[in-house]
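Everything below concerns the one structure shown next.
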Protein chains: 2
Amino acid sequence: MTSNQATGRAGRSAVAGGIKEALAAGDMVPGQRLVEQELSEVFGVTRSSVREALQDLAAEGLVELIPRRGARVRVISVEEAVQITECRALLEGLCARRAAEYASDTVRRELQDIGADMRRAVADGDPDAYSVLNRRLHERVGEVSGQKVAQALLDRMNGQMVRYQFRLALRPGRPAQSLPQHLAIIDAVVAGDPDAAEAAARAHVDSVVEALRDTPAPVRPG
Amino acid sequence: MTSNQATGRAGRSAVAGGIKEALAAGDMVPGQRLVEQELSEVFGVTRSSVREALQDLAAEGLVELIPRRGARVRVISVEEAVQITECRALLEGLCARRAAEYASDTVRRELQDIGADMRRAVADGDPDAYSVLNRRLHERVGEVSGQKVAQALLDRMNGQMVRYQFRLALRPGRPAQSLPQHLAIIDAVVAGDPDAAEAAARAHVDSVVEALRDTPAPVRPG
DNA sequence: GTCAGGCATATTGTCAACAATTTCATCGAC
DNA sequence: GTCGATGAAATTGTTGACAATATGCCTGAC
């Protein structure tokens with residue numbers, strides 16, 4: 001973390017990025033107030049930069065902006081997380097379908113490698129490595145699908161889900177549970193079977209819905 | 001249109017709203033430069049308000065913001081419009097499914113009324129009325145589905161599609177073509193058949209993809 | 001002891017001037 | 001005649017001061 005006096009456009013993304021990180025790390029709890037001057041001192045930027053960064057975060061749905069009352073970290077209810085995940089299921093399904101149709105041989109091999117690595121990560125009981133591979137899998141599939149629009153929507157939603165994803169990944173046995181689903185997606189894409197790929201991706205994300213449903217509210221707001 | 005000297009928060013949404021309107025009306029063509037001072041004079045607000053409004057529009061994907069070079073009306077290619085529509089199909093499908101599951105008797109009756117009005121509009125050859133009913137149908141379905149997240153995404157995408165929707169609605173015979181599809185959605189929701197509702201909604205939006213595919217680029221950029 | 005009113009403070013919102021950068025046209029060299 | 005440099009104008013970006021508003025505390029009446 002560079003604590004240089006960043007200014008202007010650099011400052012803007014520095015603040016936005018910093019808050020995102022803090023959010024992912026759990027250093028900022030939902031409902032927490034975000035005071036402009038405070039942030040400007042912490043990040044060493046002007047209040048204008050903070051202001052613009054907060055606008056950006058609000059547009060991404062990570063922060064709630066109440067007129068004359070300032071910004072708060074937005075609380076995402078379990079219900080909302082479920083809805084987000086339902087939407088994700090559809091969009092991931094679309095991406096998987098298109099990936100199965102369009103993926104080059106190189107990518108298909110790459111996906112197989114990711115699958116093998118995932119197997120290993122689960123066998124080794126390394127949820128951290130699994131999480132990284134998980135991200136890479138979804139990322140590669142989205143990329144090769146050519147569905148830029150769907151991908152942008154998914155990115156956005158993933159940003160809102162950081163808190164929940166963190167909690168889910170920590171659950172013992174969760175990787176073992178999702179591994180076969182991920183492998184099914186990979187197999188279908190590699191085999192070039194669009195219907196199977198879409199179904200597998202949907203089934204996978206739907207199982208996340210299940211997992212979410214018996215998640216307690218992640219953090220007491222306030 | 002009030003050309004009062006709006007200031008502050010009011011000014012901000014006044015500009016954003018005004019630009020959206022101009023965009024929908026075709027008064028602003030994609031690629032057109034949006035100069036801050038010019039807009040501030042037209043709308044009678046300070047440049048700060050214009051600036052923030054442009055940020056909002058950029059976040060919605062309606063405007064492209066290039067550092068040090070200003071804002072331009074974003075060009076949405078046919079390819080992108082198709083992708084947007086593909087995503088819409090999925091999300092509309094989800095909403096229709098949930099609507100079929102959860103709609104109250106009152107809403108079901110309301111939807112039937114909309115269907116009847118649509119029939120009439122087509123019979124009368126009134127594409128304008130049909131367009132309004134179309135919007136209301138999708139709106140009501142989204143509302144009753146309880147899918148706030150999907151609805152928010154759809155709103156966003158509809159905003160980006162204004163230009164294309166306008167052109168499509170003008171095509172002679174288009175309402176007659178989409179009428180049975182809309183009626184199918186309504187019937188399925190009214191009948192409480194989720195699978196049929198989802199299928200009908202998807203089929204409808206997929207047919208929009210077809211229509212888009214043989215649309216010439218809507219406006220010469222620049 | 002509780003509640004209403006008013007004051008002090010913290011915080012956000014607005015603005016206009018200033019700085020930095022890009023753009024475009026003009027001019028000169030080859 | 002074309003290409004590149006130069007400078008002026010237009011435009012965006014930044015800053016700090018000032019204004020408006022909300023919040024919480026303190027006081028005093030009942």
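Chain identifiers are assigned alphabetically (A, B, ...) following the order of the sequence lines, protein sequences preceding nucleic acid strands; residue numbering begins at 1 within each chain.
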Integer-rounded Å distance: C/dT14 P and A/Glu36 CD: 11 Å

Nearest-angstrom distance from the residue atom CZ of A/Arg51 to P of C/dT11: 14 Å

What pairs meet the salt bridge (charged side-chain N to carboxylate O under 4.0 Å, His left out) rule with one or both residues in residues 128-137 of chain B, with sequence neighbours excluded? none

Using a 4.0 Å cut-off on protein heavy atoms (strictly under), produce a 5'-to-3' string for nucleotides 16-22 of chain D with B for base contact, S for backbone-only sugar-phosphate contact, and - for none. ----BSS

Can you measure B/Gln37 atom CD to D/dG13 atom P for me and round it to whole angstrom units? 14 Å

Interatomic distance, B/Ile66 CD1 vs D/dG13 P [rounded to whole Å]: 10 Å

Run the side chain to side chain donor-acceptor pair (under 3.5 Å) test against B/Asn158 and tell me which residues pass, sequence neighbours left out. B/Gln165

Between P on C/dT12 and CD on A/Gln55, what's the gap in Å once rounded to a whole number? 12 Å

Once you round it to whole Å, what is the distance between C1' of D/dT12 and CG of B/Leu54? 11 Å

Set of residues satisfying salt bridge (Lys or Arg N to Asp or Glu O under 4.0 Å) with respect to B/Glu198, sequence neighbours excluded: A/Arg202, B/Arg97, B/Arg202

With a 4.0 Å cut-off on heavy atoms, is A/Leu34 in touch with a base, just the backbone sugar-phosphate, or nothing at all? sugar-phosphate

Side chains of B/Glu92 and B/His204: do they bring a donor and an acceptor to under 3.5 Å? no

Taking only residues two or more places apart in sequence, or in another chain, which ones meet B/Arg74 in a side chain to side chain donor-acceptor pair (under 3.5 Å)? B/Glu80

Rounded distance (Å) that lies between atom P of D/dT11 and atom CD of B/Glu38: 8 Å

Going by side chain to side chain donor-acceptor pair (under 3.5 Å), name the residues that satisfy it together with B/Glu36, two or more places apart in sequence or in a different chain. B/Arg47, B/Arg51

Can you measure A/Gln32 atom CD to C/dT11 atom P for me and round it to whole angstrom units? 13 Å

